[in-house]
J.: 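Sharing a structure, written as structure tokens. Questions coming.
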Amino acid sequence: MTTSQARDRLLAAAVSHALSAGIADLSLRELAAAIGTSHRMLIYHFGSREGLLAAVTKEVEEQQRAALLRPGGTADDARLAWRRLSDPALWPQERLFFELYAHALLGRPGTDGFLDGVVENWTAPIAAALVASGADERAARADARLAVAVARGLLLDLLATKDRAGVDEAYERFIRYASPR
């Protein structure tokens, strides 16, 4: 097995464990034991606990983008995406995402590269879908950025307040404002 294959296998195991049981509160040794490896192998492949958490979070984000972003999305697609993103089963990973986001903004070790694409990887496909639906490219990029900011802000609100009704109402209002008239 090549180094890349071993890293990919470890990352897949860590992502699977993260999605089923959470990993934010585990030490590197505990996580290694949970996925059947040693903490030294995790350090070798990811550099540190933070590096592993950042890699897991980026992989989960990529999986979410693949599942949620479709060309030509409608308001109903946006509602479905919101239901999936705001599912309580994802809350541990979303808390980890926001924690790592803050660590990366502060320049913490192990978060190098975390901010690369953290906005653009979501806004680019959303803007492309809007352009494909006939929107002006500049307006589509601004609207895509706004959509990502609203979804992330409301997710943070939901995690902090657990006010499902209030947050869902706010998201519904955003959809109505953003929908073509």
Side-chain angles (χ1 to χ4, degrees), residues 11-12 14-16 18-19 22-24 50-51 53-108 110-181:
L11 181 57
V15 166
S16 177
L19 293 175
I23 61 172
E50 291 75 17
L53 295 178
V56 165
T57 300
K58 286 184 116 176
E59 180 63 25
V60 170
E61 282 273 296
E62 187 173 310
Q63 290 175 10
Q64 288 299 317
R65 272 191 307 279
L68 297 174
L69 298 180
R70 287 177 259 154
T74 65
D76 286 337
D77 291 332
R79 287 180 187 96
L80 177 62
W82 174 251
R83 281 194 298 277
R84 288 188 66 179
L85 283 173
S86 64
D87 183 339
L90 290 177
W91 290 3
Q93 296 319 303
E94 289 161 351
R95 281 191 289 275
L96 178 60
F97 170 80
F98 288 118
E99 179 182 349
L100 289 170
Y101 207 130
H103 287 190
L105 288 170
L106 294 170
R108 286 262 186 79
T111 61
D112 303 344
F114 184 81
L115 297 175
D116 298 344
V118 77
V119 173
E120 183 64 19
N121 289 347
W122 282 94
T123 58
I126 294 170
L130 292 171
V131 168
S133 297
D136 169 74
E137 187 170 343
R138 184 173 174 163
R141 291 203 50 79
D143 288 347
R145 186 174 293 264
L146 178 61
V148 170
V150 166
R152 286 185 177 164
L154 289 174
L155 280 174
L156 192 55
D157 181 338
L158 182 59
L159 293 171
T161 67
K162 313 282 188 294
D163 181 5
R164 165 63 72 185
V167 170
D168 284 349
E169 182 180 354
Y171 192 75
E172 186 60 36
R173 289 180 65 80
F174 168 71
I175 290 173
R176 283 197 306 270
Y177 293 146
S179 295
R181 298 195 183 356

J.: Between Glu120 and Arg141, does at least one N-O distance fall below 4.0 Å, as a salt bridge requires?
T.: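 Looking at Glu120 and Arg141, the cut-off is met.
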J.: Has Glu169 got more than 12 heavy atoms of other residues, nucleotides or ligands less than 6.0 Å from its CD?
T.: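 At most 12 heavy atoms, drawn from other residues, nucleotides or ligands, come within 6.0 Å of this atom.
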J.: Looking only at heavy atoms, which two atoms of Arg152 and Phe98 are closest? And how far apart?
T.: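 In terms of heavy atoms, the two residues are closest at O-CZ, 3.4 Å.
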J.: Which atom names give the shortest non-hydrogen contact between Arg145 and Val119, and what distance separates them?
T.: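 That would be NH1-CG1, 3.7 Å.
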J.: Can you confirm whether more than 12 heavy atoms, excluding those of Arg173, are under 6.0 Å from its CZ atom?
T.: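 12 or below, so no.
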J.: For the residue pair Ala140 and Val131, what are the closest heavy atoms and their distance?
T.: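 The pair with the smallest heavy-atom distance is CB-CG2, 3.7 Å.
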J.: Give a yes or no answer on whether the side chain of Trp122 reaches the backbone of Gly117 with a donor-acceptor pair at less than 3.5 Å.
T.: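 A pair under 3.5 Å: no.
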J.: Give the minimum heavy-atom separation between Ala18 and Val56, together with the two atoms involved.
T.: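 Shortest heavy-atom contact: CB-CG1, 3.8 Å.
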J.: For the backbone of Leu85 and the side chain of Gln64, can you confirm whether one donor and one acceptor N or O come within less than 3.5 Å of each other?
T.: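 Answer holds: no.
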J.: Check whether any side-chain N or O of Ser16 sits under 3.5 Å from a backbone N or O of Ala12 as a donor-acceptor pair, and report yes or no.
T.: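 Absent.
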J.: Ignoring hydrogens, what is the shortest heavy-atom contact between Ala144 and Ile126? Give both atom names and the distance.
T.: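 Minimum heavy-atom separation between Ala144 and Ile126: CB-CG2, 3.6 Å.
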J.: Mind checking whether Leu19 and Gln63 have side chains closer than 4.5 Å, heavy atoms only?
T.: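 Sidechains of Gln63 and Leu19: in contact.
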J.: Just so I know, are the side chains of Val150 and Leu154 near enough to count as touching, which here means a heavy-atom distance under 4.5 Å?
T.: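 They are in contact (side-chain heavy atoms under 4.5 Å apart), so the answer is yes.
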J.: Looking only at heavy atoms, what is the nearest atom pair of Ile175 and Ala75, with distance?
T.: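 So the minimum-distance heavy-atom pair works out to CG2-CB, 3.7 Å.
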J.: Under 3.5 Å, is there a donor-acceptor pair between the side chain of Arg164 and the main chain of Ser86?
T.: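 Yes.
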J.: Give the ring-plane orientation class for Phe174 versus Tyr171, where under 30° counts as parallel, over 60° as perpendicular and anything between as tilted.
T.: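 Rings of Phe174 and Tyr171: tilted, as their planes differ by 30° to 60°.
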J.: If you measure from the Lys or Arg side-chain nitrogens to the Asp or Glu carboxylate oxygens, is any gap between Asp87 and Arg84 under 4.0 Å?
T.: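 Salt bridge flag = no for Arg84 with Asp87.
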J.: Check this for me: Glu137, atom CD, are more than 12 non-hydrogen atoms of other residues, nucleotides or ligands nearer than 6.0 Å?
T.: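 Result for CD/Glu137: open.
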J.: Near Arg95 CZ, under 6.0 Å, is it more than 12 heavy atoms from other residues, nucleotides or ligands?
T.: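 Above 12, so yes.
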